[in-house]
Participant: 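The structure follows.
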Amino acid sequence: MAIIPKPIEDSFAPKAALRRQYLQWREQLSEAEWQERSHRLCQHLSAHPQFQAATTILTYVPHRREPDLRPLWRLPKRWGLPRVVGKRLVWHEFAGHASGLEIGRYGILEPAADWPTIEPTTADLCLVPAIACDRHGYRLGYGAGFFDRLFADPQWQSIPRWGIVFAATDQVTFPVDAWDSPLTAVCSEEGLRFPPA
């Protein structure tokens, strides 16, 4: 079992140091523990009425031991995956399985450019991978800013965005920048929580 990361003594240490610490913890998870934690997280997601009511859900392909949501892809939803285009994310519809995905710029599997796109007006829920989240729902990502730019776009601002993170790196403290947008909910293997406004 991976040892839960100790908080950095200076809770406002540079984000880069926090990323390294939490990524190192996550990548130490054994295959069995990663899948067990991911399975429990998927159970919490699939049991929530808002998830059940959603028709079109934007998600991700797990990378560097991010929580694995792929078992949910079997559910009868319209699923979307992101593709990096320049400095933005373009969402594409896919058939609920990973065949046909291509390796993108960051070594992450992503849809081909000719797959049907998903417009923001049709998306009901966005499941956002996170390295860590704080108690107010702010997300620590990889630092490229793709999701910050996405949710700064007025077309995407009204879509519920749920951070997906393991409990060991949830409700931790890290610096928040002016351009960071809080998530509307955070889900871990311990359950779904809605941060205080």
Side-chain angles (χ1 to χ4, degrees), residues 15 19 22-23 26-27 34 38 41-42 45-46 48 50-51 53-133 137-166 169-170 177 179-188 192:
K15 284 186 175 181
R19 283 189 189 97
Y22 294 133
L23 280 171
R26 201 170 69 190
E27 291 172 353
W34 174 54
S38 296
L41 195 157
C42 286
L45 280 176
S46 61
H48 196 276
Q50 192 172 345
F51 177 93
T55 301
T56 299
I57 300 177
L58 309 179
T59 185
Y60 61 90
V61 179
H63 178 66
R64 300 183 72 176
R65 284 286 197 256
E66 289 170 335
D68 187 358
L69 306 185
R70 288 174 294 183
L72 296 175
W73 297 359
R74 295 190 293 266
L75 297 175
K77 307 282 187 184
R78 180 181 180 230
W79 294 98
L81 287 178
R83 183 172 61 89
V84 173
V85 179
K87 293 188 175 183
R88 66 189 183 97
L89 297 176
V90 175
W91 295 88
H92 294 266
E93 186 175 346
F94 78 112
H97 56 80
S99 63
L101 295 173
E102 304 173 342
I103 296 176
R105 185 197 315 171
Y106 295 96
I108 302 171
L109 291 172
E110 60 182 31
D114 61 352
W115 288 18
T117 56
I118 293 178
E119 297 303 317
T121 53
T122 66
D124 300 308
L125 180 62
C126 184
L127 305 177
V128 185
I131 295 172
C133 291
Y138 286 96
R139 167 186 173 271
L140 182 66
Y142 291 99
F146 289 107
F147 283 99
D148 293 322
R149 285 188 290 275
L150 181 75
F151 294 119
D153 184 334
Q155 295 184 91
W156 293 94
Q157 286 176 352
S158 63
I159 298 166
R161 45 191 183 268
W162 293 3
I164 306 298
V165 68
F166 288 129
T169 58
D170 186 25
D177 294 307
W179 54 82
D180 290 333
S181 298
L183 301 157
T184 52
V186 178
C187 190
S188 76
L192 186 73

Participant: Just so I know, are the side chains of V128 and L150 near enough to count as touching, which here means a heavy-atom distance under 4.5 Å?
Facilitator: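 Result no, sub-4.5 Å side-chain heavy-atom pair not found.
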
Participant: Provide the closest heavy-atom pair for P82 versus P111 in the form atom of the first, atom of the second, distance.
Facilitator: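 Nearest heavy atoms, P82 then P111: O-CD, 3.2 Å.
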
Participant: Within the side chain of R19, is there an N or O that forms a donor-acceptor pair under 3.5 Å with the backbone of I131?
Facilitator: no

Participant: Under a 3.5 Å distance rule, please check whether D124 uses its side chain to pair with a backbone N or O of I57 as donor and acceptor.
Facilitator: no

Participant: Side-chain contact test, heavy atoms from C-beta onward, threshold under 4.5 Å: evaluate it for K15 versus D177 and give yes or no.
Facilitator: yes

Participant: Just list the side-chain donor-acceptor pairs under 3.5 Å for residues 151-160, sequence neighbours left out, or say none.
Facilitator:
| from | atom 1 | to | atom 2 | distance (Å) |
| --- | --- | --- | --- | --- |
| D153 | OD1 | Q155 | N | 2.9 |
| Q157 | NE2 | A152 | O | 3.1 |

Participant: Check whether R105 reaches the backbone of G86 with its side chain - one donor and one acceptor, N or O, closer than 3.5 Å.
Facilitator: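 Yes, the answer is positive, given that a donor and an acceptor are paired below the 3.5 Å cut-off.
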
Participant: Is the side chain of K77 donor-acceptor paired with the backbone N or O of F51 at a distance under 3.5 Å, no angle test?
Facilitator: yes

Participant: Output yes when a side-chain donor or acceptor of R149 lies under 3.5 Å from a complementary backbone atom of K87, and no otherwise.
Facilitator: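 Indeed, once roles are kept as given, a pair shorter than 3.5 Å links the two residues.
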
Participant: Check whether H63 reaches the backbone of I108 with its side chain - one donor and one acceptor, N or O, closer than 3.5 Å.
Facilitator: no

Participant: Nearest heavy-atom pair of F147 and C126: which atoms, and what distance?
Facilitator: CE2-SG, 4.3 Å

Participant: About how many Å separate CG of L41 and CG of L69, when rounded to the nearest 0.5 Å?
Facilitator: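 One gets 6.5 Å once the value is rounded to the nearest 0.5 Å.
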
Participant: When rounded to the nearest 0.5 angstrom, what distance separates CG in L127 from OH in Y60?
Facilitator: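 Atom-to-atom, L127:CG and Y60:OH are 7.5 Å apart.
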
Participant: With side chains defined as the heavy atoms from C-beta onward, is the minimum distance between L81 and T59 less than 4.5 Å?
Facilitator: yes

Participant: Any chance you could measure E66, atom CD, to Y142, atom OH, to the nearest 0.5 Å?
Facilitator: 3.5 Å

Participant: Answer yes or no: is there a donor N or O on one side and an acceptor on the other, between the side chain of E93 and the main chain of R78, under 3.5 Å?
Facilitator: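 A pair under 3.5 Å: no.
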
Participant: Counting distance only, does the side-chain N/O of R139 pair as donor-acceptor with the main-chain N or O of P129 below 3.5 Å?
Facilitator: yes

Participant: Treating W91 as the side-chain partner and W79 as the backbone partner, does any N or O pair qualify as donor plus acceptor under 3.5 Å?
Facilitator: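 Answer holds: no.
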
Participant: T55 versus T122: any side-chain heavy-atom pair under 4.5 Å?
Facilitator: no

Participant: Return the minimal non-hydrogen interatomic distance between L192 and A185, and the atom names on each side.
Facilitator: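 Shortest heavy-atom contact: CD1-CB, 4.1 Å.
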
Participant: Distance from L101 atom CG to H92 atom NE2, nearest 0.5 Å?
Facilitator: 11.0 Å

Participant: Roughly how far, to the nearest 0.5 Å, is CG of L58 from CZ of R161?
Facilitator: 12.5 Å

Participant: Give me the atom names and distance for the closest heavy-atom approach of P67 to I164.
Facilitator: CB-CG2, 3.6 Å

Participant: So, taking the atom named CD in E110 and the one named CG in L89, what distance separates them when rounded to the nearest 0.5 Å?
Facilitator: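 CG of L89 is found 9.0 Å from CD of E110.
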
Participant: What pair of heavy atoms forms the shortest contact from G163 to L183, and how long is it?
Facilitator: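 Minimum heavy-atom separation between G163 and L183: CA-CD1, 3.5 Å.
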
Participant: Using 30° and 60° as the class limits, which term best fits the ring planes of W162 and H48: parallel, tilted or perpendicular?
Facilitator: perpendicular

